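Below is one structure, written out as structure tokens; comments come after it.
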Number of protein chains: 2
Amino acid sequence: MLLTDRQVLILQVIVDDFIRSAQPIGSRSLSKKEEINFSSATIRNEMADLEDMGFIEKTHTSSGRIPSEKGYRFYVDHLLLPEKLNHTDMAAIKSIFAERIYELEKIVQKSAKILSEMTNYTSIVLGPAVKDNRLRKLQIVPLNKDTAIAIIVTDTGHVENRMFHFPTSVDPSDVEKMVNILNERLAGVPLTNLNSKIYKEIAVLLRHHISSYDTLLNTITDTLNMPANEKVFFGGKTNILSQPEFNDVEKIRSLMNMIEQEDGIYQLLRKNQAGINIKIGTENDNSAMENCSLITASYSMGQEKLGTIAILGPTRMEYSRVISLLQLISTDLSKVLTELYQNK
Amino acid sequence: MLLTDRQVLILQVIVDDFIRSAQPIGSRSLSKKEEINFSSATIRNEMADLEDMGFIEKTHTSSGRIPSEKGYRFYVDHLLLPEKLNHTDMAAIKSIFAERIYELEKIVQKSAKILSEMTNYTSIVLGPAVKDNRLRKLQIVPLNKDTAIAIIVTDTGHVENRMFHFPTSVDPSDVEKMVNILNERLAGVPLTNLNSKIYKEIAVLLRHHISSYDTLLNTITDTLNMPANEKVFFGGKTNILSQPEFNDVEKIRSLMNMIEQEDGIYQLLRKNQAGINIKIGTENDNSAMENCSLITASYSMGQEKLGTIAILGPTRMEYSRVISLLQLISTDLSKVLTELYQNK
DNA sequence: ATTAGCACTCGTTCTTATAGAGTGCTAACA
DNA sequence: TGTTAGCACTCTATAAGAACGAGTGCTAAT
């Protein structure tokens with residue numbers, strides 16, 4: 001059941017060629033390739049075997065072969081040689097970090113944009129998970145007598161804000177006192193732990209100092225309870241539409257629909273491990289992704305995994321190139337983020 | 001050159017029918033309509049005249065007629081009776097404002113979502129122009145020894161933030177002093193005027209109080225110089241793809257491309273007057289919009305125009321319904337926003 | 001084990017035929 | 001003079017058939 005060297009060679013050439021041309025490959029055109037020194041008849045026999053084993057398939061009875069998902073999987077697992085990136089590519093990636101950008105989100109967004117331009121596929125980036133950030137500062141800015149804005153600044157410079165109403169009975173100076181106490185006690189605490197920490201350790205303290213602390217505290221903890229899912233950024237959303245496999249209106253509709261529905265994308269991306277992940281076609285468990293592959297890479301700050309950067313392309317995508325790009329970009333990104341936020 | 005009553009009637013029935021069916025309408029099927037009491041031959045004569053005048057056209061020599069842009073224009077200008085919205089629609093719109101949402105942007109986003117769901121077209125909302133807001137509070141939160149975040153809160157509760165670096169030579173207490181002075185002097189000033197006001201009136205004052213005020217001031221004014229274009233929100237981006245006129249991959253591509261490129265959309269929307277605007281097909285001056293109409297309505301806070309809410313659909317869209325919806329939603333939106341932010 | 005040869009299959013493209021929807025024009029009618 | 005019935009004509013959509021070519025699977029020879 002193992003593939004012979006010759007079968008592997010044929011499979012490799014088929015996948016490589018199909019990735020380039022998007023056309024089924026026949027035995028005759030295969031036999032003309034440089035790498036291949038045996039006749040088309042031999043190739044036909046080998047192809048029949050490869051097809052029996054499920055690595056390639058026909059589009060109709062007398063057509064040439066195209067790789068199956070299993071074929072791509074084998075290709076990705078065993079035949080992939082990391083592509084040497086050329087100077088233009090390297091330069092493009094370096095350019096992401098050339099400008100001095102300080103906001104984490106902006107860097108991440110720019111990465112997505114450049115990546116999509118370089119590959120002509122669609123790039124997706126899962127922004128840093130805010131909930132793991134630590135509180136730097138909480139501020140309350142009153143807007144009018146019963147409305148105020150709570151602003152949270154995290155250690156990575158992320159700013160979240162939410163408007164809230166409070167009972168007019170609350171004394172403004174109480175609010176100020178409360179914010180001061182909270183800031184003293186909560187600086188450096190991860191956002192996810194804020195509320196539990198408030199109730200466990202600080203509620204008692206507050207009760208001593210503040211008269212109507214009950215309603216106020218409830219309002220504020222409600223407010224702090226932010227959804228704070230990772231944000232999803234896209235680059236080149238429509239790029240994938242120019243791939244020849246998407247010349248069918250129905251396919252475009254279902255894919256675009258999925259892309260627009262951020263939740264689906266989020267589910268698709270979040271379950272990936274650290275490092276490079278490759279999901280081919282139905283491996284994505286999503287009917288709209290049947291003809292698509294998703295390659296993801298994680299980026300991190302120091303030891304901590306921050307987010308995911310991904311390329312969405314047709315199953316017939318340039319795996320080698322995309323993987324090299326993602327690898328480079330994710331390590332660079334991690335390096336820059338670590339320098340920028342970690343050691344200061 | 002004026003249309004006779006009968007020609008108007010025929011034009012109206014053609015447009016109404018085509019909006020429903022998306023099929024060319026022939027003289028015979030027209031003659032069967034209730035409203036129409038003359039023979040198909042008569043109708044053919046009238047249609048020939050309407051075509052000569054440019055109100056309707058044929059898709060090929062022996063096809064039925066469809067409205068031309070001029071036909072739609074006449075329909076919109078003279079034949080449109082405002083549609084009575086039914087209870088379901090009214091309820092859906094009211095539901096936008098049912099929940100207590102406080103953030104302006106959220107309300108606006110929810111409007112876009114509901115609107116697209118009700119119409120099955122794509123909705124676009126131009127968010128409130130931040131640059132016209134007035135400064136409520138400026139805050140600087142230091143992140144580490146040479147990085148800080150400037151946070152601006154406006155009177156409508158909008159929060160803008162930007163990270164910046166400053167020379168390590170700057171004294172932290174100077175920063176604080178400066179922020180205090182700026183807050184005292186700049187509260188209530190429209191964001192667009194911040195910088196000029198700083199240089200005209202406050203620079204002198206600052207020089208007296210702060211040692212290295214030069215670099216610091218430059219950094220801060222740079223930071224305040226935010227782009228602050230109106231934000232663009234979408235609802236149902238892919239809805240329009242399910243319209244039968246978009247069964248062509250090339251059309252989908254060009255339209256999706258335009259939608260993704262926020263700048264184009266922004267240009268399309270911003271030039272509209274207050275009130276309801278209707279742009280049909282090529283009136284939009286955009287090749288991707290050839291088969292689309294754009295209906296916009298402005299919303300405001302008190303007397304001040306804040307933003308635009310729009311529906312993008314095929315030229316064959318339900319003008320009457322969409323206009324009624326937009327009118328209702330924009331007045332409701334204006335009312336709520338005015339109540340929420342103006343008189344407090 | 002490999003390969004040349006050949007019959008066969010199927011998609012693509014082009015042509016031809018047919019049905020149907022709709023038009024424009026003419027002539028008759030009220 | 002405005003309206004209508006009738007008819008020839010046009011064009012699309014659809015189906016069916018023919019020719020072509022790319023490719024296969026199988027057999028027999030090397």
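Lettering follows sequence order; numbering is per chain, from 1. No experiment lies behind these values; they were computed from the predicted model shown.
Atom pair B:H60:NE2 and C:dG20:C1' shows a separation of 11 Å (rounding to whole Å applied). The nearest whole Å value for the distance from the CD1 atom in B:I43 to the P atom in D:dG2 is 18 Å. Distance CD1 (B:I10) to P (D:dT3): 10 Å, rounded to an integer number of Å. Separating the CG atom of B:D17 from the C1' atom of C:dG22 is a distance of 15 Å, rounded to the nearest angstrom. Here D:dA13 presents its P atom at 11 Å from CG of B:N247, a figure rounded to the nearest Å. The separation between A:Q23 atom CD and C:dT12 atom C1' is 13 Å, rounded to whole Å. Between the CZ atom of B:R6 and the C1' atom of D:dG2 there is a distance of 8 Å, rounded to whole Å.
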For residues 267-279 of chain B, tabulate all N or O donor-acceptor pairs below 3.5 Å that involve a side-chain atom, not counting sequence neighbours.
unit_1	atom_1	unit_2	atom_2	d
B:N272	ND2	B:L268	O	3.4
B:N272	ND2	B:L269	O	3.1
B:N277	ND2	B:Q273	O	2.9

Which side-chain N or O atoms in residues 42-57 of chain A pair as donor and acceptor under 3.5 Å with protein atoms at least two apart or in another chain?
unit_1	atom_1	unit_2	atom_2	d
A:T42	OG1	A:S39	OG	3.1
A:R44	NH1	A:S27	OG	3.1
A:R44	NH1	A:S40	OG	3.4
A:E46	OE1	A:Q7	NE2	3.2
A:E46	OE2	A:R6	NE	2.7
A:E46	OE2	A:R6	NH2	2.8
A:E51	OE1	A:R65	NE	3.0
A:E51	OE1	A:R65	NH2	2.8

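For B:K251 and B:E245, the salt-bridge test fails: no basic side-chain N is under 4.0 Å from an acidic carboxylate O.
With sequence neighbours left out, B:T59 forms a side chain to side chain donor-acceptor pair (under 3.5 Å) with B:S63. Residues passing the side chain to side chain donor-acceptor pair (under 3.5 Å) test with B:R28: none are found, sequence neighbours excluded. By the side chain to side chain donor-acceptor pair (under 3.5 Å) test, A:E283 is found to be paired with A:R73, residues two or more places apart in sequence or in another chain being considered.
If B:E46 and B:T59 are placed on DNA chain D by their nearest nucleotide, the residue sitting closer to the 5' end is B:E46.
Listed pair A:S39 / C:dT2 fails the phosphate criterion, with no side-chain N or O lying under 4.0 Å from OP1 or OP2.
For B:T42, counting side-chain heavy atoms from C-beta on, the closest listed nucleotide (C:dT2, C:dT3, D:dT4) is D:dT4.
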Annotated protein contacts, base or backbone, on nucleotides 20-30 of chain D with a non-hydrogen cut-off under 4.0 Å, one of B, S, - each: --BBBB-----
